Amino acid sequence: MQNNPDQFSSKIGFVLAAAGSAVGIGNLVGFPVAAAKNGGGAFLLLYIFFVVAICLPLILAELSLGRATGKSPLGAFREISKGHKGWVLAGALSLVTPFMIAVFYSVLTVWLLGYLVLVLGGMLDQLATPVYFGGFITSPWIFAYLAAVIAMVIFVLKGGVRDGIEKASRLLMPMLFIMLIGLAVFVLTLPNAMAGLKFYFTPQVDRITWSVVNGALSQAFFSLSLGMGILITYGSYLRKQDNLVQSAKMLACTDTGVALVAGLMTLPAIFAIYPNTNPSELSDSSVGLIFSFFPNIFMAMVPKFGYAVSSLIAATFFLLAFVAAITSLVSIIEVPVAALKAESKKTRNAALGFVIAAVSVGAIFSALSFGQVKWLSEFAFYSGANKSLFDVLVDVFYDTILPFNGLLICLLVVWQWKRHNMAAEMLNNNGSSGWLERYTHFAIASWIPVILATVFVITVINKFMS
Ligand code: TRP
């Protein structure tokens with residue numbers, strides 16, 4: 001058992017891999033900007049509260065489901081519900097969701113790689129022009145970068161759990177931490193950096209509205225890879241002797257820590273360069289900020305540091321974002337790979353080949369939905385606008401279905417599995433139960449499902465019916 005290549009080799013191996021999944025561009029840009037706009041310190045406290053009160057119990061539920069059954073979502077739902085049709089369907093949804101997320105997230109990862117290469121090629125000045133991004137994402141170059149991203153994902157996933165995912169995470173995650181801290185230290189030395197910190201930390205309770213509360217919860221939920229089937233799948237790779245509760249706490253701390261530190265990089269950078277920024281005018285979209293706004297920030301450093309040094313700083317930032325994205329992409333593609341391997345009794349490589357082919361086709365379609373192909377660009381119409389395939393995938397699978405999947409997991413645990421079985425899985429060899437286990441026992445059968453159902457309904461109304 002000790003050397004099973006289909007398991008993580010240690011708790012740290014698991015935590016790094018799961019953090020690789022959880023840390024993405026949302027942590028680096030989305031979270032800090034949301035905090036600066038929506039109440040600073042008050043938002044931070046709200047976010048941390050949701051991580052502990054709602055997300056940690058769900059992390060534990062997903063990990064226990066995975067480890068107890070040794071299966072990915074479809075198999076886990078089937079086994080726990082003893083083959084009940086409705087639940088198998090719910091399990092299938094936990095498989096379609098990561099697939100669809102992989103399809104649009106790979107496009108995002110491709111853009112980051114493209115910008116990294118372009119900055120290294122000395123093109124920072126061009127990236128900072130307003131029209132560049134639109135031209136770039138519709139250029140044929142996208143497909144070359146897509147091929148490179150797919151090749152990297154294959155390279156990692158064909159190694160399997162221990163020699164692929166874990167090994168890559170052990171290399172890439174420390175790299176990510178170092179780049180993040182390095183950039184944060186650098187921007188904190190810039191004049192006026194403190195203005196950014198003021199918006200970040202000063203609590204502005206009057207800015208906390210219901211939509212801010214909803215936003216903080218969604219951000220915490222998405223950031224921790226919940227509802228995507230990832231933690232069920234990774235749970236199935238955990239060794240029985242590993243302390244599940246501790247692993248979950250370490251994952252939550254790492255992901256939240258990266259988000260908090262990212263605020264020390266992103267916000268001071270914005271305010272050092274544009275001291276008069278009004279946070280409420282910053283874009284809500286991480287994509288807009290990263291690809292349109294940030295190149296301007298790096299260009300504005302040129303008079304002080306020179307073109308080469310500014311390009312180097314920009315390249316570090318894009319490499320950081322790219323590493324964050326590709327580790328998330330790897331984790332989400334692993335879910336259908338693991339499921340297909342188990343369902344079809346194929347080899348891992350055959351399952352990988354099939355899933356990669358399907359994701360690639362999907363990614364090509366969504367990469368072509370920015371005006372190049374009309375029916376993909378005008379794929380659907382709701383809330384008064386035409387939506388591209390890319391937008392639809394983000395709205396449906398990222399913003400709407402995830403909380404619903406979280407709700408299904410609560411109900412599966414409470415109604416089918418029974419909470420004492422989950423408790424037994426969590427406690428496995430770990431002595432007596434602590435506050436988190438006791439709290440989870442209560443919360444997962446009471447207010448967590450109620451809140452997730454509410455978030456789901458509110459999102460459906462806001463996104464599709466307004
Ligand atoms: N934290 C990621 C982000 O900020 C979101 C995320 C979590 C994710 N798990 C993922 C994205 C898996 C893609 C795949 O972007």
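Indexing begins at 1, ligand by ligand and atom by atom, following the structure's order. Sequential numbering from 1 along the given sequence is applied to the chain's residues. In this text, all values refer to a predicted model and were calculated from it rather than measured experimentally.
- Donor-acceptor pairing under 3.5 Å is lacking for the side chains of Asn349 and Thr347.
- In the model, Glu166 has a side-chain atom that pairs as donor or acceptor with a side-chain atom of Ser9 under 3.5 Å.
- Within 4.0 Å of ligand 1, contacts by protein heavy atoms are made from Ser21, Ala22, Gly24, Ile25, Gly26, Asn27, Tyr105, Phe222, Ser223, Ser225, Met228, Ile230, Ser328, Ile332, Tyr398.
- For Tyr439, the OH atom sits in a packed shell: over 12 heavy atoms of surrounding residues, nucleotides or ligands are nearer than 6.0 Å.
- Side-chain contact of Thr97 with Asn405: a donor-acceptor pair under 3.5 Å is present, judged by distance alone.
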*Does the ring-ring contact (aromatic ring centres under 6.0 Å, His included) test come out yes or no for Tyr132 and Phe291, once each step is laid out?*
CA-CA 9 Å; Tyr132 197 88; Phe291 297 102; over 10 Å; no

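- Within a 6.0 Å sphere centred on CH2 of Trp141, heavy atoms belonging to other residues, nucleotides or ligands number 12 at most.
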